[in-house]
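Reviewing the structure listed below.
First the proteins, then the strands, lettered A, B, ... as listed; each starts at 1. If you're wondering where the values come from, they're calculated on a predicted model, not measured in any experiment.
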Amino acid sequence: MAMRAAATSTAASFVAPRGLRALYSSLTSGFPFNPPQTQTEKPPPAEPSTNLFVSGLSKRTTTEGLRDAFAKFGEVVHAKVVTDRVSGFSKGYGFVRYATLEEAAAGIKGMDGQFLDGWVILQSMRDQDLLLHL
DNA sequence: GCTGAGCGG
């Protein structure tokens, strides 16, 4: 009879029916549609980056040309004209990464709207908003 | 490698 006693004691734990559990949680947390997102702190929704998206490039502009043009405003850590992997031709945009945010901001201010290989190059609004006011 | 908005590796 010791075995019977053990069996009954382990089976003693009981779970409430799903319907009751759902009702309980809706009573304790307000409603099934949990609204309470009490997050009053949201200072950096999008973090500024030293990496700039550069569009409007001439399809003849190369990674070197891009780096040269942007190097006047700071230390260019990484520059790349995006090319199609199969054809190898420029897609007309690229990326420039500076060492610091200050240089990145200077790079935007210095290069936005400037000509490079006959094309007016433009920075993304995202990057400008994030960098030009810091 | 023309094309002309877009966010690669």
For Leu57(A), answer base if it contacts any base atom (sugar-phosphate contacts may also be present), sugar-phosphate if it contacts only those atoms, and nothing otherwise; contact means non-hydrogen atoms under 4.0 Å. base
Go through residues 100-111 of chain A and report each residue with a non-hydrogen atom lying under 4.0 Å from DNA chain B, sorted by number. none
5'-most by nearest nucleotide on DNA chain B - Arg85(A) or Ser58(A): Ser58(A)
Please name all residues satisfying ring pair (Phe, Tyr, Trp, His ring centres under 6.0 Å) with Tyr93(A), sequence neighbours left out, ordered by chain then number. Phe53(A)
Which part of the nucleic acid, if any, lies within contact of Asn51(A), taking any heavy atom under 4.0 Å across all strands shown: a base, the sugar-phosphate backbone alone, or nothing? base
When you match Thr83(A) and Trp119(A) each to their closest nucleotide on DNA chain B, which lands nearer the 5' end? Trp119(A)
Report yes or no: does Thr63(A) contribute a side-chain atom to a donor-acceptor pair with the main-chain N or O of Val81(A) at less than 3.5 Å? yes
Using a 4.0 Å heavy-atom cut-off across all strands, classify Arg126(A) as base, sugar-phosphate, or nothing. base
Rounded to whole Å, please give me the gap between CG in Asp84(A) and C1' in dG6(B). 14 Å
Could you tell me whether the side chain of Thr50(A) and the main chain of Tyr98(A) form a donor-acceptor pair under 3.5 Å? yes
Hey, what do you get for OG1 (Thr61(A)) to CH2 (Trp119(A)), rounding to the nearest 0.5 Å? 10.0 Å
Kindly determine whether Phe70(A) and Ile121(A) satisfy side-chain contact (heavy atoms from CB on, under 4.5 Å), including the steps that lead there. CA-CA 11 Å; Phe70(A) 280 78; Ile121(A) 65 178; 3.9 Å; yes
All pairs passing side chain to side chain donor-acceptor pair (under 3.5 Å) where residues 64-75 of chain A contributes a residue, at least two apart: Thr62(A)-Glu64(A)
Using a cut-off of 4.0 Å on non-hydrogen atoms, how would the nucleic acid contact of Ser124(A) be classed: base, sugar-phosphate, or nothing? base
Any heavy-atom pair between the side chains of Leu122(A) and Asp112(A) that's under 4.5 Å? yes
Which part of the nucleic acid, if any, lies within reach of Gly94(A) when heavy atoms closer than 4.0 Å are counted: base, sugar-phosphate only, or nothing? nothing
For dG6(B), is there a stacking contact with Phe53(A), counting only centres under 5.5 Å and planes under 30°? no
Rounded to the nearest angstrom, tell me the gap between atom CZ in Phe95(A) and atom C1' in dC7(B). 4 Å
Can you tell me the distance, in whole Å, between the NZ atom of Lys59(A) and the P atom of dA5(B)? 10 Å
Rounded to whole Å, NE2 of His78(A) lies from C1' of dC7(B) at a distance of 13 Å
Output the rounded distance in Å from NZ (Lys91(A)) to P (dG8(B)). 8 Å
